[in-house]
Participant: 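Got a structure for you, written out below as structure tokens; questions coming shortly.
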Amino acid sequence: MGRSFDDLVTEAEAAPVDGWDFSWLDGRASEERPSWGYSRLLAERMARATAALDIQTGGGEILAGLPVLPPVTVATESWPPNLRLAAARLRERGAAVVADDEEPRLPFRTGVFDLVTSRHPVRTWWAEIARVLRPGGAYFSQQVGPRTVFELAEFFLGPLDGSGRDPERARAEAEAAGLAVVDLRAERLRMEFRDVGAVVYFLRKVIWIVPGFTVARHRARLRDLHERIEAEGPFVAHSSRFLIEARRAVAPG
């Protein structure tokens, strides 16, 4: 016999969701990873950079896991719980963490970074990224693509418009900001949620999938989902990811 609905939900509702570590879901949910290996590619670029900025760093998990950081490494974050985690992690690596609301304008001088990065940014402010890049510098990012986890979102919310977060729109916006896109790849990846507790934890942590999610507000649908998983097996959804690299031109002469 599986664990009860109430036990699973209560446990997941009490679990801490600070930072961007999903290890609580080990054995309870899974997601395929993009074939390009963002962390490996990021590590290669960071090892060659002299001054880097990581925007929306979360709890600093990605940067802290890299073998080499540039001599000047700065990260921004807006959410206070993540800001504290990032500062604690990255201070040991010699990186500075700046509290920022992540709306224009970025709190940095023009042309100071040769590498700007972000993993799953909520929004990409292309003109600001172009401004803080040095000539020849690059923006390197893995982003959330269209209709990510829509199977789960629509289970709670009904039919949704999935036209946003399009890779080609990102290309157009980068080019409009004066950057040349040198790499753009996209993949759609399978996700599985093996119990309703995994869904509760995921929706508490990734708050834009079902805006305003709470157990109390969505308890009836959570019970429906629990019964479906018990009868049919894991709830299957799909994430979309795209990789984009865009470079600022070197000034002539």
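Nothing here was measured: the structure is a model prediction, and the numbers come from that model.
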Participant: Start with the C-alpha distance between Val74 and Val97, add both sets of side-chain angles, then the distance that settles side chain to side chain contact (heavy atoms under 4.5 Å, CB included), and finish with yes or no.
Facilitator: CA-CA 6 Å; Val74 183; Val97 179; over 6 Å; no
Participant: Just distance, no hydrogens or angles: give the donor-acceptor pairs under 3.5 Å from side chains in residues 58-70, sequence neighbours left out.
Facilitator:
residue : atom : partner : partner atom : Å
Glu61   : OE1  : Gly59   : N            : 3.1
Glu61   : OE2  : Trp20   : N            : 2.5
Glu61   : OE2  : Arg89   : NH1          : 3.4

Participant: Nearest 0.5 Å, please: how far is CG in Leu179 from CG in Leu133?
Facilitator: 6.5 Å
Participant: Which residue pairs pass the salt bridge (charged side-chain N to carboxylate O under 4.0 Å, His left out) test when at least one of the two sits in residues 195-204, sequence neighbours left out?
Facilitator: Arg28-Asp195
Participant: Hey, what do you get for OG1 (Thr10) to CD (Glu13), rounding to the nearest 0.5 Å?
Facilitator: 6.5 Å
Participant: Give the other cluster members for Trp125, using side-chain heavy-atom distances under 4.5 Å between Ile, Leu, Val, Met, Phe, Trp and Tyr residues; answer none if it is isolated.
Facilitator: none
Participant: I'd like to know if the side chain of Lys205 reaches the main chain of Gly19, judged simply by a donor and an acceptor atom lying under 3.5 Å from each other, with no hydrogens or angles considered.
Facilitator: yes
Participant: I need the full list of ring pair (Phe, Tyr, Trp, His ring centres under 6.0 Å) pairs touching residues 33-72, with sequence neighbours left out, sorted by first then second residue.
Facilitator: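 Every ring pair (Phe, Tyr, Trp, His ring centres under 6.0 Å) pair that includes a residue of residues 33-72, provided the two are not neighbours, is Tyr38-Phe140.
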Participant: Answer whether the closest heavy-atom distance between the side chains of Pro107 and Val98 falls below 4.5 Å.
Facilitator: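 Side chain of Pro107 against side chain of Val98, heavy atoms only: contact under 4.5 Å found.
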Participant: Atom CZ in Arg221, atom NE2 in His218: separation rounded to 0.5 Å?
Facilitator: 10.0 Å
Participant: Hey, does Arg219 have a side-chain heavy atom less than 4.5 Å from the side chain of Val9?
Facilitator: yes
Participant: Any side-chain to backbone donor/acceptor pair from Ser240 onto Pro146? Under 3.5 Å, distance only.
Facilitator: yes
Participant: Taking C-beta and beyond as the side chain, do Asp6 and Arg223 meet within less than 4.5 Å on heavy atoms?
Facilitator: yes
Participant: Once rounded to the nearest 0.5 Å, what's the spacing between atom CD1 of Ile229 and atom CZ of Arg194?
Facilitator: 10.5 Å
Participant: Enter the distance from Asp183:CG to Arg247:CZ here, rounded to the nearest 0.5 Å.
Facilitator: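 It comes to 11.0 Å.
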Participant: Only counting residues at least two apart or in another chain, list the ones meeting side chain to side chain donor-acceptor pair (under 3.5 Å) with Arg45.
Facilitator: Glu245
Participant: Show me the side-chain donor-acceptor pairs of residues 208-217 shorter than 3.5 Å, one per line, residues at least two apart or across chains.
Facilitator:
residue : atom : partner : partner atom : Å
Thr214  : OG1  : Arg217  : N            : 3.0
Arg217  : NH1  : Gly212  : O            : 2.6

Participant: Do Leu41 and Leu115 sit in the same hydrophobic cluster, where Ile, Leu, Val, Met, Phe, Trp and Tyr count as joined when their side-chain heavy atoms come under 4.5 Å apart?
Facilitator: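 Yes, Leu41 connects to Leu115 through the hydrophobic network.
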Participant: Would one find more than 12 heavy atoms of other residues, nucleotides or ligands at under 6.0 Å from atom CZ of Arg188?
Facilitator: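 Atom CZ in Arg188 is packed in, count exceeds 12.
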Participant: Just wondering, do Arg3 and His226 contact through their side chains at under 4.5 Å, heavy atoms?
Facilitator: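 The answer is no; the side chains never approach within 4.5 Å.
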Participant: Using distance alone, with no hydrogens and no angle criterion, decide if Ser23 and Asp21 have a side-chain donor and acceptor under 3.5 Å apart.
Facilitator: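 Ser23 vs Asp21: donor-acceptor pair found between side chains.
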Participant: Under 4.5 Å between any side-chain heavy atoms of Leu8 and Val200, yes or no?
Facilitator: no
Participant: For Glu173, which residues count as a side-chain contact (heavy atoms from CB on, under 4.5 Å) partner, sequence neighbours excluded?
Facilitator: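 Checked Glu173 against side-chain contact (heavy atoms from CB on, under 4.5 Å); matches are Trp126, Arg169.
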Participant: Using side chain to side chain donor-acceptor pair (under 3.5 Å) as the criterion, list what pairs up with Gln143, not counting sequence neighbours.
Facilitator: Thr124, Tyr139, Ser141
Participant: To check you understand the geometry: which heavy-atom pair defines the closest contact between Glu192 and Val236, and what is its length?
Facilitator: CG-CG2, 4.2 Å
Participant: Would Asp54 and Thr57 satisfy side chain to side chain donor-acceptor pair (under 3.5 Å), going step by step from the backbone distance to the final call?
Facilitator: CA-CA 6 Å; Asp54 189 52; Thr57 199; 2.8 Å; yes
Participant: Between Val181 and Val132, is there shared hydrophobic-cluster membership here, with clusters defined by ILVMFWY side-chain heavy atoms closer than 4.5 Å?
Facilitator: yes
Participant: Test: salt bridge (charged side-chain N to carboxylate O under 4.0 Å, His left out). Region: residues 99-112. Which pairs qualify, not counting sequence neighbours?
Facilitator: none
Participant: For the side chain of Asp114 and the backbone of Gly137, is there at least one donor-acceptor N/O pair under 3.5 Å apart?
Facilitator: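 No: the side chain of Asp114 does not pair with the backbone of Gly137.
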Participant: For the pair Asp18 (side chain) and Pro81 (backbone), establish whether a donor and an acceptor sit closer than 3.5 Å, ignoring hydrogens and angles.
Facilitator: no
Participant: Only one of Phe155, Phe202, Tyr201 forms a ring pair (Phe, Tyr, Trp, His ring centres under 6.0 Å) with Phe193, so which one is it?
Facilitator: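 Option passing the ring pair (Phe, Tyr, Trp, His ring centres under 6.0 Å) with Phe193: Phe202.
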Participant: For Arg119, is there any backbone N or O sitting under 3.5 Å from a side-chain donor or acceptor partner on Gln142?
Facilitator: no
Participant: If hydrophobic clusters are built by linking Ile, Leu, Val, Met, Phe, Trp and Tyr wherever their side-chain heavy atoms come under 4.5 Å apart, do Phe242 and Val149 end up in the same one?
Facilitator: no
Participant: Are Met191 and His238 side-chain neighbours, meaning at least one heavy-atom pair lies under 4.5 Å?
Facilitator: no
Participant: Closer than 3.5 angstrom, by distance alone: can the side chain of Thr148 be matched with the main-chain N or O of Val144 as a donor-acceptor pair?
Facilitator: no
Participant: State yes or no: do Phe156 and Phe5 share one hydrophobic cluster built from I, L, V, M, F, W and Y residues joined by side-chain heavy-atom distances below 4.5 Å, directly or via other members?
Facilitator: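 In one cluster: yes.
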Participant: Mind running side chain to side chain contact (heavy atoms under 4.5 Å, CB included) on Arg228 and Phe235 for me, showing each step along the way?
Facilitator: CA-CA 8 Å; Arg228 172 171 164 172; Phe235 183 91; 3.7 Å; yes
Participant: State yes or no: do Ile129 and Val72 share one hydrophobic cluster built from I, L, V, M, F, W and Y residues joined by side-chain heavy-atom distances below 4.5 Å, directly or via other members?
Facilitator: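 Yes.
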Participant: How about Leu184 and Glu168: do any of their side-chain heavy atoms sit closer than 4.5 Å?
Facilitator: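 Of all side-chain heavy-atom pairs linking Glu168 with Leu184, at least one is under 4.5 Å.
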Participant: Does atom CG (Leu160) have a neighbourhood of more than 12 heavy atoms from anything else shown, all under 6.0 Å?
Facilitator: yes
Participant: Flag the pair Leu203 / Leu152 as yes when at least one side-chain heavy-atom distance between them is below 4.5 Å, and no otherwise.
Facilitator: yes
Participant: My understanding is that only residues two or more places apart in sequence, or in another chain, count here; which of them pass side chain to side chain donor-acceptor pair (under 3.5 Å) with Glu31?
Facilitator: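 Scan of Glu31 (side chain to side chain donor-acceptor pair (under 3.5 Å), adjacent residues dropped) gives Ser239, Arg241.
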Participant: Grab the two heavy atoms, one from Val196 and one from Leu222, that are nearest each other, plus how far apart they are.
Facilitator: CG2-O, 3.5 Å
Participant: Can you tell me if Arg185 uses its side chain to pair, donor with acceptor, with the backbone of Leu243 under 3.5 Å?
Facilitator: no
Participant: Distance from Leu189 atom CG to Ser35 atom OG, nearest 0.5 Å?
Facilitator: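 Rounded to the nearest 0.5 Å, the CG-OG separation comes out at 8.5 Å.
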Participant: Which salt bridge (charged side-chain N to carboxylate O under 4.0 Å, His left out) pairs, counting each pair once, include a residue from residues 64-76, with sequence neighbours left out?
Facilitator: none
Participant: Apply side chain to side chain donor-acceptor pair (under 3.5 Å) to Glu32 and list each qualifying residue two or more places apart in sequence or on a separate chain.
Facilitator: none
